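What you see is a predicted model; the values in this text were computed from it and never measured.
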Amino acid sequence: LLRPSPFSSLPPTTEIYPAGQTLPSLGTPQPYTDRQKELSDFRKQSIELELERERLIKEMQQKNLGTGSLFPQ
């Protein structure tokens with residue numbers, strides 16, 4: 001488990017726990033609210049669309065098709 005340092009210039013600290021053992025301070029995760037679930041779904045969809053866009057751009061480049069303004073500036 002890497003715990004980030006509160007100071008940006010210091011590396012995270014490493015804590016080692018046996019497999020299957022959960023950290024007591026983390027506890028059981030709370031279920032998503034409807035709004036959190038909706039935002040999570042939007043995030044997943046956004047990532048999937050970005051990956052599809054990158055795949056299509058690479059495919060166009062391999063076929064020597066102009067991609068012009070498809071690249072973000």
Side-chain angles (χ1 to χ4, degrees):
L1 178 64
L2 293 177
R3 290 200 180 257
S5 170
F7 305 102
S8 61
S9 62
L10 297 176
T13 58
T14 304
E15 297 178 19
I16 299 174
Y17 296 94
Q21 182 180 356
T22 59
L23 189 60
S25 64
L26 295 178
T28 307
Q30 297 295 319
Y32 278 168
T33 64
D34 289 341
R35 180 67 175 151
Q36 289 172 324
K37 174 74 170 122
E38 183 181 16
L39 292 173
S40 178
D41 291 343
F42 283 142
R43 184 181 311 113
K44 288 178 189 175
Q45 183 180 11
S46 173
I47 291 169
E48 289 171 5
L49 289 172
E50 182 64 27
L51 292 172
E52 177 68 11
R53 177 182 175 274
E54 290 173 11
R55 187 191 64 76
L56 288 172
I57 289 173
K58 287 179 184 178
E59 183 179 332
M60 290 175 69
Q61 288 173 335
Q62 289 173 349
K63 293 180 179 181
N64 293 323
L65 298 174
T67 54
S69 64
L70 294 176
F71 296 101
Q73 297 178 8

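Applying the side chain to side chain donor-acceptor pair (under 3.5 Å) rule to Thr33 yields the partners Gln36; only residues at least two apart in sequence or on another chain are considered. Evaluation of the salt bridge (Lys or Arg N to Asp or Glu O under 4.0 Å) rule for Lys37 yields Asp41 as partners, not counting sequence neighbours.
Interatomic distance, CD of Glu52 versus CD1 of Ile57, reported as 10.5 Å (0.5 Å rounding).
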Leu56 and Glu59: CA distance, side-chain angles, deciding distance, side-chain contact (heavy atoms from CB on, under 4.5 Å) verdict = CA-CA 5 Å; Leu56 288 172; Glu59 183 179 332; 4.2 Å; yes
